Asker: 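Please see the structure below; I have some questions.
Each chain gets a letter, A, B and so on, in the order its sequence line appears, and its residues count up from 1. Everything quoted here is computed from the prediction, not taken from an experiment.
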Amino acid sequence: MSSDNGRRRGGDSGQSGEHGEQLALIRESVRKAKEPKARPRTWRGAKLAGELPVARVLVDKGPVHLDRLWDYAVPAELDAQAQPGVRVRVRFGAGTRQVRGGRREGGGLLDGYVVERVAESQYQGPLAALAQVVSPEPVLGPALLRLCRAVADRYAGSLADVLQLAVPPRHARIEAEPSPELLPPPAAPAPGSWSRYPAGPAYLDAVVRGDTPRAVWTALPGPHWAAELARAAVAALASGRGALLVVPDGRTAARVDAELTALLGAGRHVLLTAGLGPEERYRRWLAVNRGAVRAVVGTRAAMFAPVRDLGLVALWDDGDSSHSDPSAPQPHAREVLELRAAQEKAAFLLGAFGRTVEAAQLVETGWALPLAADRAVVRAAAPRIRTVGEHDEARDAAARAARLPTVAWEAAREGLRHGPVLVQVPRRGYVPRLACERCREPARCAHCAGPLEARGQDGGLHCGWCGRESGPWHCPECGGFRLRAQVVGARRTAEELGRAFPGVPVRTSGRDHVLDTVPDRPALVVSTPGAEPVAEGLGYAAALLLDGWALLNRPDLRAGEEALRRWLGAAALVRGQEAGGTVVVVADPALRPVQALVRWDPAGHAARELADRAELGFPPVSRMASVTGPPEAVAEFLAMAELPDGAEVLGPVPVPAALPGRPRRPGDAPPGERWERALLRVRPGQGAALAAALKTTQAVRLARREGEPVRLRVDPPDIG
DNA sequence: AGCACGCCGACT
DNA sequence: GTCGGCGTGCTC
């Protein structure tokens, strides 16, 4: 039998009472609450603020952060400082309330933000007072708060979690410094290389005029996109508004920063990246928050930068996985910037060499317009692309030693006569599966059909899902018995190429040592995808894209899109075909992404992928979310959740165990535990309802502490 | 998460 | 009566 304590406390004064003093105390607080005017103007003897004496506070993180606002009394001496947006400390927790003697004080001090000041509280009970105003700096303005709320709702996460991503930690010393003077807006930019796009100058003009054009921009290959991005930001500044550019990594941010400096000089923009260190980052963030600087270029955390009067948000290369924040609730920069463009009435520019299905959907729904060059211009700017099958064995002994097909060998040799040659090799760890050497059929576990993996160097096989050892393997399709091992890494490829091309310098760029640029001289540059150095001058004379099968064989819905994105990224660094640039891709020419590369048609590829997704009911046409955790917890969660009409539950299925080598990602089970994952799918337009249902269920389960918590992920990245 | 409150059994 | 273990629910 449950106690009726809560109900009485809740304020039903009609209960007959036998609990003497206790009940009298409760009645008293209820009476006070029902007559707000009777609320004392003092708190434990201290005077309260005369105007708006109640602060609504968001508690930043508690043991269990409760995703709602809490009312606190504002003492008179904090009245002036406790303005909306400032950081405060409050006592929170049972024991805070005044007990009989009225002297008790308990609960820990927690950090929070004043969200608003109001005249009265709805709370039926005595309010505790704000303990402290940490700083009078209003760091959570109304626009940022609204954005964070929307992001929390979109991702079924808590506001506190989102604020942790959006508001940087405080440094008192930095706050004491003055921010620089706001410089006057620059003149409208000349179109520059934007005139290569028929709609380019018009897009800039619209931004300069103060309009809010939205575009999905397919960038021409070559190095001009960084300057074009900078020019778009200048257009927003020229309109008297602010600009925000988000790019995947610090290296890219530095390039765009340099272009902005070239156009604007110093002082009108800031670079915001993690590499700055917390203090410098806070200094720059404050300059933006105070309105002293109106343009920002940065990596994903900058997507929340509180730019005043936002006129343009732009995102470069939305297919790059680093645009997904790894911290809960894992918001994606593209989605956040879409929300910002809508909420803050800003122009939107999504640029890339490739196109994601999400970008294709923005175009298809008419939310954004395509911004691309004419076919003839594209063809002239892009290198010549040749394909070669994997089994095209080279006759030349040197080429065979380097595992290069004849066509690739010849392209490299020819390219080296004119400049540097890029060789793109997938990262070693990137290939998740072993496959039949003859027919490429992935090797699967005989028990659970999970992917087989090689353990260490000894060649023993085990299943990546159930961990069982596998005996001698033979291919169920073609009867082959040899497995294709993981891709040869960049280093060994470099060694082999060095032997094949004696006298040619070989440089490598990869995870550990990323080169920014290479000189315009003959050299072989071996790089993993994403780490390709920019070749100075005209660009690379040629590029070889090796081991295409490894990129395409990933068990991921996005494998084709991702392979194309990586190829385009490398090929865009190569000279145009009129300047003799050549790219050789080693992959089956019948495959859709390979054909899209040959035709340099990322928009067409994305449109077809989107159509496929629509037919299969996959995101982004439908909206999906995952629920991960111990099997009982997932089952209970699903039983309790009131999902929107027509929602489908797929699974749950066991989550593949986290591999010993790989770092644990959110959603992986802790070592030794078996977790399950269910996927939820709703029709287009029901995404918000799904997120709301998940959030409610999670909140109820956490509050009641029913069973173990589950992890929620809206837009799970690895379906397939 | 803490913490207080109420219930209920064990002991003075 | 009074003390304290334990279950439940609240935290402005």
Asker: In whole angstrom, what separates A:Arg91's CZ from B:dC3's P?
Answerer: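 Answer to the nearest Å: 12 Å.
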Asker: Atom CG of A:Asp67 to atom P of C:dC12: distance rounded to whole Å?
Answerer: 17 Å
Asker: Partners of A:Tyr282 by ring-ring contact (aromatic ring centres under 6.0 Å, His included), sequence neighbours excluded?
Answerer: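 Once residues adjacent in sequence are excluded, A:Tyr282 has no partner under the ring-ring contact (aromatic ring centres under 6.0 Å, His included) criterion.
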Asker: Quick one: list whatever passes side-chain hydrogen bond (donor to acceptor under 3.5 Å, both in side chains) with A:Thr212, sequence neighbours left out.
Answerer: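 By the side-chain hydrogen bond (donor to acceptor under 3.5 Å, both in side chains) rule, A:Thr212 matches no residue at all.
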Asker: Output the rounded distance in Å from CG (A:Leu110) to P (C:dC12).
Answerer: 10 Å
Asker: Would you mind reading off the distance between A:Glu120 atom CD and C:dC12 atom P, rounded to a whole angstrom?
Answerer: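 My rounded result for the distance is 20 Å.
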Asker: Can you check whether A:Leu339 reaches A:Leu147 side chain to side chain, under 4.5 Å on heavy atoms?
Answerer: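 The answer is yes; the side chains approach within 4.5 Å.
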Asker: Do A:Arg68's NZ or CZ and the ring of A:Trp70 fall within the cation-pi criteria of under 6.0 Å and 45°?
Answerer: yes
Asker: Could you give the CG-to-P distance, from A:Leu58 to C:dC12, as a whole number of Å?
Answerer: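 Result: 14 Å.
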Asker: Could you state the CG-P distance from A:Leu109 to C:dC12, rounded to the nearest angstrom?
Answerer: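 Computing the A:Leu109:CG to C:dC12:P distance gives 12 Å.
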Asker: From OH of A:Tyr72 over to C1' of C:dC12, roughly how many Å is that when rounded to an integer?
Answerer: 5 Å
Asker: Over how many whole Å does the gap from A:Leu52 atom CG to C:dC12 atom P extend?
Answerer: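 Computing the A:Leu52:CG to C:dC12:P distance gives 21 Å.
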